[in-house]
2 protein chains.
Amino acid sequence: MTTAQASGETRPGGRTARTRQAVLAAVFEELGEGGFAALTMEKIAQRSGIHLATLYRRWRGVEGLVCDLLTGLSADVPLPDTGTLPEDLRVLSRAIAVFYRDDRRRSLIEAVVSAAVRDPQAATLLRTFFAERSELYGRLVTRAVERGEVPADTDPEQVMAALGAPFYYRLLIARGAVDPALAESTATAVWAAVRAGAYKKADTADGTHDGR
Amino acid sequence: MTTAQASGETRPGGRTARTRQAVLAAVFEELGEGGFAALTMEKIAQRSGIHLATLYRRWRGVEGLVCDLLTGLSADVPLPDTGTLPEDLRVLSRAIAVFYRDDRRRSLIEAVVSAAVRDPQAATLLRTFFAERSELYGRLVTRAVERGEVPADTDPEQVMAALGAPFYYRLLIARGAVDPALAESTATAVWAAVRAGAYKKADTADGTHDGR
DNA sequence: AGGTTAACGCGAGCAACTTCGCGTTAATCG
DNA sequence: CGATTAACGCGAAGTTGCTCGCGTTAACCT
């Protein structure tokens, strides 16, 4: 009891981090070849060189793996700031389209959505992940409100959901390619809808919008 | 060889149809309680009273079951015809929202999307199913074009995709309830976008738009 | 440097899912 | 009405996926 490390300490440095990186890299590459359907624990073990039992111990299964990969997916898409909302929307929309041109990223989203249907833990992760993104990119809208470009009670999160929705419809339902045309039409549509006041706050609840 | 029924004939009448109906009903109810995650072949066998081996023989697995159920899902949503496109869009949007208030329907869509990620056959089914629906409800837009309400080269299928997208985003990504507010904002947004000409045909291809 | 103990490698063992062969039931037709 | 044969019921066998116990490696601390 003289030592400080005592009982159940976690040990994140060195080897642990290295195996994690190797495994997640293997998952990402494997997703590129055959998608989630072909994603077997055994294949990942082979490709990463990490033993099968270790994978099950740390990640429980393929659901856990893709979830971990999603959280580690850095926000490669920068926050646009062109000065006007329609341009910001267009830039962001194009960036999303480019983002999903990569089969590995596309398959990753498919995988997490599929996992979320089966596993409540994955569902929570997915929800919070996109909520954070919506909040982050919602700054575009907040700035536009401050500039007086759009109605003052425009809800940034609704706008960002509207911007993303067509892409995920294309990915998951229509199951077609995410092409530049989709990016353009989506940006145009959202801008028109925002101007028309389609995304006002508290459509369902009444009152108490902050008077700041 | 004198008989006409000869070799490998299928036999759709009577018992076969009855078991199919019993099984699909069991799947539908089971989806209501616990969703796709809790959908086990054995549970369906118990609830429907059909033997496990029969289920595997006819449907291969849970993916096949939910796919069959989707195709049998009759179009309960009628085609609106109020006289103006914005009203038609609003009525249809509300109908979709009501449609997905039923947990069984919601879980069914989740299940098929999840299955489509894993099974190419389910993916094809999903794509064609929604393509047919888009084509069907696209008549709303075609009529509006004929009335001169919207730009002549408005693409009906794009409009219908735009109308559906926010609901599936809510269902699959945000994983929240489909509330009336979503229906209203979606209808308003799509109408504004259509007026702004966001959904013109052949954004990606050049030239040769038909001169009628 | 040396001790302690997470984290990993390894193979066997367990459990759930899926399929197979055969006998039985009930559509379909002469 | 009687013959034929899909489709189904039944239990057992086969396969896959996952877990467990134990020995080994290498971080972390003094």
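Quick note on labels: first sequence line is chain A, next is B, and so on, each numbered from 1.
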*Quiz item: B:Arg15 side-chain donor-acceptor pair to D:dA7 base, under 3.5 Å*: yes
_With a 4.0 Å limit, can you tell me whether A:Thr19 has a side-chain N or O closer than that to the phosphate oxygens OP1/OP2 of C:dC8?_
yes
*asked:* Using a 4.0 Å heavy-atom cut-off, does B:Leu52 contact any base of the nucleic acid, only the sugar-phosphate backbone, or nothing at all?
replied: base
*asked:* Do B:Val98 and B:Val77 make a side-chain contact, defined as non-hydrogen atoms from C-beta onward lying under 4.5 Å apart?
replied: no
*Euclidean distance, A:Asp88 CG relative to A:Leu163 CG, rounded to 0.5 Å*: 11.0 Å
*asked:* Donor-acceptor pair, distance only, cut-off 3.5 Å: does the side chain of A:Arg105 make one with the backbone of A:Phe99?
replied: yes
*asked:* I need the CZ-P distance between A:Arg18 and D:dA26, as an integer number of Å.
replied: 9 Å
*asked:* Does A:Thr40 reach a base, just sugar-phosphate, or nothing at all? Heavy atoms under 4.0 Å.
replied: nothing
*Does A:Thr54 make a side-chain N or O approach to OP1 or OP2 of C:dG9 shorter than 4.0 Å?*
yes
*Measure from NE2 on A:His51 to P on D:dG23 and round the result to the nearest Å.*
16 Å
*May I ask you to say what A:Arg58 touches in the nucleic acid, namely base, sugar-phosphate or nothing, with a heavy-atom cut-off under 4.0 Å?*
sugar-phosphate
*asked:* Categorize B:Arg20 for me: base, sugar-phosphate, or nothing, with a 4.0 angstrom heavy-atom threshold over every strand shown.
replied: nothing
